[in-house]
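Below you'll find the structure, written out as structure tokens, and then a few comments.
Here is how names work: the chains are called A, B, and so on, in the same order as the sequence lines, proteins then strands, and each is numbered from 1.
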Amino acid sequence: MFLSFRDEVESCLKNALKAAGIEADAELEESDHADLASSVSFKLASKLKKSPKEIAGEIAKHIRISDYKFIADATVSGPYINFFVNRSFLNDTIEAISEKKCDYGQLGYSDRIILEHTSTNPNGPLHVGHIRNSIIGDTLSRVLRKAGYDVETQYYVNDMGRQIAMVVFGLERYDLLEKKSDHAVAEVYISANRAIEKDHGLKAEVDGFMQKYEAGDKKIKEKFMGAVDLCLSGIRSTLERMNIKHDRFVWESDFVWSGTVRDIIGIVEQSRYSEIQGGALVLDLNEFGFEKEYVVKRSDGTSLYSTRDLAYHKMKAKDCDRVIDIFGADHKLISSQLVKVLEILGVKTPEIVIFEFVSLPEGSMSTRKGKFITTDELLDEVERAAYEEVDKRRSDLTEDIKRDIARSVGVGAIRYDIVRVSAEKSTTFDWKNALDFEKQGAPFIQYAHARCCSILRKSDDEPGFNPDLLIEKSEVDLIKKMSKFPLVIEIVSKDLKAHLIATYARELTELFNQFYRDAPVLSVEDELKKARLCLVDCTRIVICEALELMGIEAPEIM
RNA sequence: GCCCCGGUAGGGUAGUGGACUAUCCUUUGGGCUUGCGGAGCCUAGGACCCGGGUUCAAAUCCCGGCCGGGGCACCA
């Protein structure tokens, strides 16, 4: 709804500028002083040799709001031109949400997107650093789907790396412990690393595994795939606990078996940037500001991670309109090289979201050293803490219901806490913070939703309402906020900034809580009660949808 | 050494050129409640790393420092 208002204001301002004989873009901004504001007059001041105030006044003289459906007023405040929404904008917003319900916020886009996220090496469980990738990726995929895109999420399985060869090596020598498969694999991997540190002679055995695997040795292939499957099943179940599911798992090795790696090497050989260095095929990216060459084929003829990554991205580019990758800060350089190479080869380049690292108070995490906090551990602890809270407040509920609520609250708390921080900020994990539910996070939003549900449950009034009655400031502010839900989806779809959804959900909840305090619903006279019930229902819908975009459940009681 | 990303109240965090009061949580102080479920609301206190510059206007852009994180393999 807000998008229509914005379009109207844009056209209105454009026409006014034209009528005033001024050439300028009709730029708009959000403002505390208006629903939309323009500060074009500043930019025109030096050109027109007049004060911004004068110019604003002149433009305003040519504004014709009567041609538009949603503009109530356009006023001049010093150099600013302020636009305000009218009553039918508010009424239409309420009606749109009531009618569309869960579809409110759909933008009707239809392009196909492949979004890759998580893609951690299958040599151990997800740790608390990895899930920043998963949570940002999953949130973005949900937002993009909401916007209408046809999204396929992919997990790129790195099964050809040294780490996996180490796992295979470890599985030959050590027994798997009786624990969740990904955790057991990590134990074996850590032991293998220790053994090789002690006796470097064992390294040759690992190298041998890698060479045989790339050559397609049947027995080794079985071992590699078995080890990867084992670990991956554990990772998948952890992701599932957080409401995250991938549509497709793409194995790195498939690009070798299928011959696409060979094809890409052939294409690179044709490039004018390629050369042979010491028997290896490389691309010289010097003129693009990269010091190091991009190696595509080793002197022994085998491929590298970077080669297979090219093949993978070529496939993705062919299969969709937008390719999106979520990578950790350690991939900054390599991914910008990848983009450059794809450009050179004439392949559509991916949009890359980089997130900075999550570290522990004592330093960064490492699977190899066994220095990490697993996501399963975090989920267990947070859910336990959530259960205590629920039990304290709602001893009247059955055990099953309390467990269910605790799970929703626990997962929500974790997901929200991670997604709310913008990706370029590095953070430090600490237990005290993670288990603190007093903070304004997901439970704050979920609770507001439960309140909406509670009010609606207590009333048996028929729909049918007069939205003109919703005139209190807290009511109007709440409606305006809800009108911006599609705008947020539009911005996030374009800029890929997942944290904006978290900010929006929090602000919406704050406004609902103010309404809740200022405007009684069930105790007022009939017509007003109906109107407010409808507003509560709309709020319920939008909060629920906003939570859904973050993969957080919205319990009806808690 | 070079490259990339950050630096906002005691702690955490939003805002990345525009309006005299820079957001939200936490912490500290005061108030509201047996409610339409207080996991809430109101209120007071407290911050843009430092130094230059660009601009009518800088937390936001540019240059130089300082601090923190990441990266610079025929590893993945």
Exercise for the section: Would you mind telling me which residue lines up with the more 5' stretch of RNA chain B, A:R298 or A:F42, judged by nearest nucleotide? Expected result: A:F42
Problem - 5' precedence on RNA chain B between A:K297 and A:S422 (nearest-nucleotide basis) - result: A:S422
Check this for me: does any side-chain nitrogen of one of [X] and [Y] sit under 4.0 Å from a carboxylate oxygen of the other?
X: A:E475; Y: A:R532; result: yes
X: A:R298; Y: A:D300; result: no
X: A:K392; Y: A:E388; result: no
X: A:K481; Y: A:D477; result: no

Send over the distance from [X] [atom1] to [N] [atom2], rounded to a whole Å.
X: A:E30; N: B:U16; atom1: CD; atom2: C1'; answer: 15 Å
X: A:M160; N: B:C74; atom1: CE; atom2: C1'; answer: 15 Å
X: A:Q337; N: B:C75; atom1: CD; atom2: P; answer: 14 Å
X: A:H499; N: B:G15; atom1: NE2; atom2: P; answer: 4 Å
X: A:I352; N: B:C5; atom1: CD1; atom2: C1'; answer: 15 Å
X: A:R308; N: B:C74; atom1: CZ; atom2: P; answer: 14 Å
X: A:E214; N: B:C75; atom1: CD; atom2: C1'; answer: 14 Å
X: A:I501; N: B:U13; atom1: CD1; atom2: P; answer: 20 Å

[atom1] spacing across the pair [N] / [M], given as an integer number of angstrom:
N: B:G17; M: B:G53; atom1: P; value: 22 Å
N: B:A57; M: B:G70; atom1: P; value: 40 Å
N: B:G71; M: B:U13; atom1: C1'; value: 26 Å
N: B:A44; M: B:A9; atom1: C1'; value: 14 Å
N: B:C74; M: B:G69; atom1: P; value: 27 Å
N: B:C62; M: B:U16; atom1: C1'; value: 14 Å
N: B:U34; M: B:U26; atom1: C1'; value: 28 Å
N: B:C48; M: B:A58; atom1: P; value: 16 Å

Handout entry: Check: A:F255 ring centre within less than 6.0 Å of A:W257 ring centre
Key = no
Exercise for the section: For residues A:F327 and A:F355, establish whether the separation of their ring centroids is below 6.0 Å. Expected result: no
So what's [N] paired with, Watson-Crick or G-U wobble, going by both distances under 3.5 Å?
N: B:G64; answer: B:C50
N: B:U34; answer: none
N: B:A59; answer: none
N: B:A22; answer: none
N: B:G1; answer: B:C72

Problem - Pair of N/O donor and acceptor under 3.5 Å linking B:A19 base with A:N82 side chain - result: yes
Handout entry: Side-chain-base donor-acceptor pair under 3.5 Å for A:S31 and B:A19
Key =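 Between B:A19 and A:S31, which were checked side chain against base, a qualifying N/O pair under 3.5 Å is present.
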So what does [X] hit on the nucleic acid, given a heavy-atom distance under 4.0 Å: a base, only sugar-phosphate, or nothing?
X: A:G289; answer: nothing
X: A:I164; answer: nothing
X: A:A45; answer: nothing

Handout entry: Nearest heavy atoms of A:P555 and A:S408, plus distance in Å
Key =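 Looks like CG-CB, 4.0 Å.
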Taking only side-chain N and O atoms of [X], does any of them lie within less than 4.0 angstrom of OP1 or OP2 on [N]?
X: A:K332; N: B:C5; answer: no
X: A:S39; N: B:A19; answer: no
X: A:K425; N: B:A14; answer: yes
X: A:H331; N: B:G70; answer: no
X: A:S364; N: B:G70; answer: yes

Handout entry: More than 12 heavy atoms of other groups within 6.0 Å of A:E291 CD
Key = no
Problem - A:K53 atom NZ, over 12 foreign heavy atoms within 6.0 Å - result: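 At most 12 heavy atoms, drawn from other residues, nucleotides or ligands, come within 6.0 Å of this atom.
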Practice task
Evaluate the side-chain proximity of A:R132 to A:T427: yes if any heavy-atom separation is below 4.5 Å, no if none is.
Solution key: yes
Fill in the blank from the handout: Quick tally for nucleotides 33-49 of chain B: nucleotides whose base has a protein heavy atom under 4.0 Å get B, sugar-phosphate-only ones S, the rest -, giving ---BBSBSSS-------
